[in-house]
Protein chains: 2
Amino acid sequence: MVGGTASAILDTAERLVQTRGFNGFSYADVATELSVTKASLHYHFPSKAELGESLIDRYSERFARALDEIDAELDTPGVKLDAYAGLYAEVLRDQRMCLCGMLAAEFETLPSPMREAIIRFFDLNEAWLQGILAQGRREGTLSFSGTPRDAARSIIDGLEGAMLVARARGDLARFRSTARRLVASVVGAG
Amino acid sequence: MVGGTASAILDTAERLVQTRGFNGFSYADVATELSVTKASLHYHFPSKAELGESLIDRYSERFARALDEIDAELDTPGVKLDAYAGLYAEVLRDQRMCLCGMLAAEFETLPSPMREAIIRFFDLNEAWLQGILAQGRREGTLSFSGTPRDAARSIIDGLEGAMLVARARGDLARFRSTARRLVASVVGAG
DNA sequence: GTCTATAGGCAGATAGAC
DNA sequence: GTCTATCTGCCTATAGAC
């Protein structure tokens, strides 16, 4: 289990990656904010690449838990999709980009273990959404063209892009507008 | 007018930003590739920030010309939208992210002049798309809910997000699938 | 676990010769 | 316009004391 200091390092590094990118922050940034030395950070996370892996793993696990909660607490596919979009909205409200959306932009500069963890995050999202969409189609509460997989991908792509652009423009309403349209595109007619 | 060397610098730097990000390349990278020295680059573009501004300006101008060509050569709004999505697909085929989508991710780390130029790029796209959408609605060839502006934003967001994710996954087909759905969402029923 | 100190490299940028 | 040489600062990372 990750101790208190390691956890605080991850919290700070996560926020810095989500706002500035993996190539836009340094150990010095994290150390200054936590009032410790860079050497101390290296004790917990020997290299920046290992810190990056830990960040993605933790983010994915937290996201997976949030999806489990949505499944446990909400009933209809339409409401679940609203809640799913709400997860992204929460991140953006903090002026942050999705961690893995940010890292996807920097993909070419990242070590392989980080790349693979990013892919797993998107797979996780796609699999969950695909399940919700397939269920909604079976029940007749959702309607969309093409496969559940393609529809799931369009929703992920749309939410990631909406975050990317809305954050740059400082326009949370823009994200909400695009998110609403995305959900409506499968809750209404296909 | 930009001379031959300056133009070659812009070409190389543009590709590096689109693949690695503004914080993921250096003057040394460009200099090595062009077989000149860093000092020579600084003669043409005194600071990296000024180089960045020039990159966005040139990219926006080229994009605006492409939109003009679409207007001049194609007839119906639906076909124009397909061509618009095709502009993004061309960029992605080169394994590149949209320049301004990439810079939007790094937005927080960029100097103000670059930020403003990025916003102008998105405004340019939005205004053009909005015009196409409004025209299509008037003529009855396009159908969508909400304002042309909101529909335009959703298309931009969707294409940028599809590029972001598809490039990381090395999956051009994924981009094409999402792009097709986006266009179909306004060419078919709203 | 956290520190001081430091290594070794690369970053963006400038001076001045040619 | 392009070069050599150099500056200053920050980067990731390590050694070794406490």
Side-chain angles (χ1 to χ4, degrees), chain A residues 1-56 102-103 105-115 117, chain B residues 1-56 102-103 105-115 117:
Chain A
M1 195 48 180
V2 177
T5 302
S7 178
I9 293 167
L10 289 169
D11 289 342
T12 297
E14 182 179 79
R15 201 196 64 252
L16 287 169
V17 173
Q18 288 184 270
T19 50
R20 304 179 52 86
F22 193 74
N23 296 325
F25 88 102
S26 69
Y27 268 41
D29 295 329
V30 179
T32 299
E33 184 163 321
L34 297 178
S35 298
V36 294
T37 60
K38 290 185 288 172
S40 183
L41 302 191
H42 279 286
Y43 168 79
H44 294 282
F45 302 98
S47 73
K48 200 182 177 188
E50 288 166 270
L51 171 58
E53 278 185 68
S54 296
L55 284 172
I56 306 168
M102 177 66 83
L103 295 173
E106 301 176 290
F107 200 78
E108 208 64 30
T109 72
L110 303 177
S112 288
M114 285 185 68
R115 294 188 187 191
Chain B
M1 194 51 180
V2 177
T5 302
S7 178
I9 293 167
L10 288 170
D11 290 343
T12 297
E14 181 178 79
R15 202 195 64 252
L16 287 169
V17 174
Q18 289 184 269
T19 50
R20 304 179 52 87
F22 193 73
N23 296 326
F25 88 103
S26 69
Y27 268 43
D29 295 329
V30 179
T32 299
E33 183 162 320
L34 296 178
S35 298
V36 295
T37 59
K38 290 187 291 173
S40 184
L41 302 191
H42 280 286
Y43 169 79
H44 294 282
F45 302 97
S47 74
K48 200 182 177 187
E50 288 167 271
L51 171 58
E53 278 185 68
S54 296
L55 284 173
I56 305 168
M102 177 66 83
L103 295 174
E106 301 175 290
F107 200 78
E108 207 64 29
T109 71
L110 303 176
S112 288
M114 285 185 69
R115 294 187 187 192

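In what follows, chains carry the letters A, B, and so on, assigned in the order in which the sequence lines appear, proteins first and then strands, with residues in each chain numbered from 1.
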Asker: Is there a side-chain contact between R115(B) and F107(B), using heavy atoms and a 4.5 Å cut-off?
Answerer: yes
Asker: Please examine the side chains of T19(A) and F25(A), heavy atoms only from C-beta on, and report whether any two atoms are closer than 4.5 Å.
Answerer: no
Asker: Among T12(A), T5(A), V30(A), find the residue that satisfies the side-chain contact (heavy atoms from CB on, under 4.5 Å) test when tested with L41(A).
Answerer: V30(A)
Asker: Here's a test for you: under side-chain contact (heavy atoms from CB on, under 4.5 Å), which of K48(A), E50(A), E53(A) qualifies with M114(A)?
Answerer: E53(A)
Asker: Taking the side chain as C-beta and beyond, is there a heavy-atom pair between S7(B) and L10(B) under 4.5 Å?
Answerer: no
Asker: Once you round it to whole Å, what is the distance between C1' of dG1(D) and CD1 of I9(B)?
Answerer: 10 Å
Asker: Go through residues 25-44 of chain A and report each residue with a non-hydrogen atom lying under 4.0 Å from DNA chain D, sorted by number.
Answerer: F25(A), S26(A), Y27(A), A28(A), K38(A), A39(A), H42(A)
Asker: From NZ of K48(A) over to C1' of dT14(D), roughly how many Å is that when rounded to an integer?
Answerer: 18 Å
